Amino acid sequence: MQQRIAIFPGSFDPYTIGHHSIVERALPLFDKIIIAVGVNSLKKSFMTERRRVEAIRELFVDEPRIEVISYSGLTVDAAREHGAQFLLRGVRMIQDFEYEKNLAEVNRELSGLETVLLYTLPEYGHISSSIVRELLSFGRDASSMLPPGYHINE
Ligand code: ADP
């Protein structure tokens, strides 16, 4: 039987407890999830591409069903390259919903890929990579918003 493979694309700059919860809740739905760190060479990132990938990999050393990659270019191309038939995304609030709806339509038209959306758990609804970056830039502790064992720096 064909494996059900999902790709979970994002900037993950950094990967938060909200992202992690989406991956953990989606694991029973798929045989494999590819966490795909999107690289935009025009945008300055907070963490390097290498660190963004490695920090997530460290969380899943004992989970063979998770693969972590980085990609530049279109998500649908990365999905095809890695044999994913589904796109996984998370929704926090109405703004996410509208954005994700458009993205899902474009990706389906481009490649036939179906998007699977999971709603955030209520306790993670306010968490975003940008809030974590903001807290850290003012020297505050943001560890409660990051998965246990996730390290921004090596
Ligand atoms: P992008 O730049 O592609 O939006 P992000 O890293 O910000 O990348 O997010 C990747 C995915 O994770 C998106 O679908 C986003 O809606 C979802 N996401 C982000 N934060 C949360 C959260 N706290 N709870 C659930 N989903 C989230």
Side-chain angles (χ1 to χ4, degrees), residues 5-30 32-60 63 66-82 84-111 113-137 140-153:
I5 304 176
I7 188 166
F8 182 41
S11 313
F12 306 125
D13 189 27
Y15 177 84
T16 68
I17 201 163
H19 295 131
H20 197 56
S21 153
I22 296 289
V23 171
E24 289 192 317
R25 289 166 58 216
L27 260 176
L29 305 177
F30 302 104
K32 183 172 163 187
I33 296 177
I34 298 163
I35 302 176
V37 176
V39 181
N40 179 348
S41 52
L42 300 176
K43 232 169 89 180
K44 182 144 174 40
S45 63
F46 167 69
M47 291 167 74
T48 63
E49 166 189 352
R50 194 169 136 252
R51 188 59 205 151
R52 275 186 279 161
V53 169
E54 279 175 358
I56 304 172
R57 265 188 202 146
E58 286 165 7
L59 296 176
F60 291 105
E63 181 46 87
I66 298 280
E67 194 181 321
V68 189
I69 61 157
S70 66
Y71 74 104
S72 52
L74 288 177
T75 304
V76 292
D77 292 334
R80 190 183 322 109
E81 200 181 311
H82 291 85
Q85 312 95 329
F86 303 99
L87 266 159
L88 173 65
R89 298 281 289 176
V91 177
R92 284 161 293 187
M93 54 206 133
I94 192 84
Q95 293 91 330
D96 279 352
F97 184 82
E98 287 178 353
Y99 177 71
E100 296 297 340
K101 176 176 180 289
N102 291 337
L103 209 57
E105 276 165 14
V106 171
N107 286 325
R108 192 186 318 103
E109 262 179 38
L110 280 174
S111 67
L113 274 189
E114 285 295 354
T115 297
V116 174
L117 292 179
L118 289 187
Y119 288 102
T120 186
L121 295 183
E123 58 267 41
Y124 301 142
H126 62 291
I127 295 177
S128 66
S129 299
S130 57
I131 286 184
V132 172
R133 291 197 300 269
E134 175 107 359
L135 286 173
L136 294 175
S137 74
R140 304 300 281 262
D141 177 29
S143 53
S144 64
M145 296 188 179
L146 299 171
Y150 179 88
H151 304 291
I152 288 192
N153 299 306

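What you see is a predicted model; the values in this text were computed from it and never measured. Order of appearance sets the numbers: ligands from 1, and atoms from 1 within every ligand.
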Numbering the atoms of ligand 1 from 1, which are under 4.0 Å from a heavy atom of Gly10? 3 (O), 6 (O), 8 (O), 10 (C)
For the backbone of His151 and the side chain of Arg51, can you confirm whether one donor and one acceptor N or O come within less than 3.5 Å of each other? yes
Mark up the atoms of ligand 1 that fall under 4.0 Å of a heavy atom belonging to Phe8, in ascending order. 11 (C), 12 (O)
Phe86 and Phe30 aromatic ring geometry - parallel, tilted or perpendicular at 30°/60° bounds: tilted
Students should be able to answer this: which protein heavy-atom is nearest to atom 16 (O) of ligand 1, and at what distance? Gly90 O, 2.6 Å
More than 12 heavy atoms of other residues, nucleotides or ligands under 6.0 Å from CZ of Arg50: yes or no? no
Of Ile66, Ile69, Val68, Leu88, the residue whose pairing with Ile34 passes side-chain contact (heavy atoms from CB on, under 4.5 Å): Ile69
Quick test: of every protein heavy atom, which one is nearest to atom 8 (O) of ligand 1, and how far off is it to 0.1 Å? Ser11 N, 3.1 Å
Protein contact to atom 4 (O) of ligand 1 [nearest heavy atom, distance to 0.1 Å]: Arg89 NH2, 3.5 Å
Geometric N/O contact Ser128 with ligand 1, under 3.5 angstrom: no
Nearest-neighbour protein heavy atom for atom 21 (C) of ligand 1, which is reported as residue plus atom name and distance: Arg92 CD, 3.5 Å
Does CD in Glu134 sit with more than 12 non-hydrogen atoms of other residues, nucleotides or ligands closer than 6.0 Å? no
Glu100 heavy atoms, cut-off 4.0 Å: which ligand 1 atoms fall inside? 13 (C), 14 (O), 16 (O)
How does Ile22 reach ligand 1, if at all, at less than 4.0 Å between non-hydrogen atoms: by side chain, backbone, both, or neither? side chain
One finds that the ligand 1 atoms under 4.0 Å from a non-hydrogen atom of Phe12 are 6 (O)
Under 4.0 Å from any heavy atom of Pro9, which atoms of ligand 1 are there? 10 (C)
Residue-ligand contact Ser130/ligand 1, heavy atom below 4.0 Å: no
Checking a contact table here: which protein heavy atom is nearest atom 5 (P) of ligand 1, and how many Å away? His19 NE2, 3.6 Å
Tell me the protein heavy atom at minimum distance from atom 24 (N) of ligand 1, and give that distance in Å. Thr120 OG1, 3.0 Å
Mind telling me whether Phe12 and Phe8 have parallel, tilted or perpendicular rings, with 30° and 60° as the class edges? tilted
Does any part of the side chain of Ile56, heavy atoms only, come nearer than 4.5 Å to the side chain of Tyr150, both counted from C-beta? yes
Heavy-atom check, side chain of Leu27 versus side chain of Glu63, under 4.5 Å: yes
Hey, are the side chains of Glu109 and Val106 touching, using non-hydrogen atoms and a 4.5 Å cut-off? no
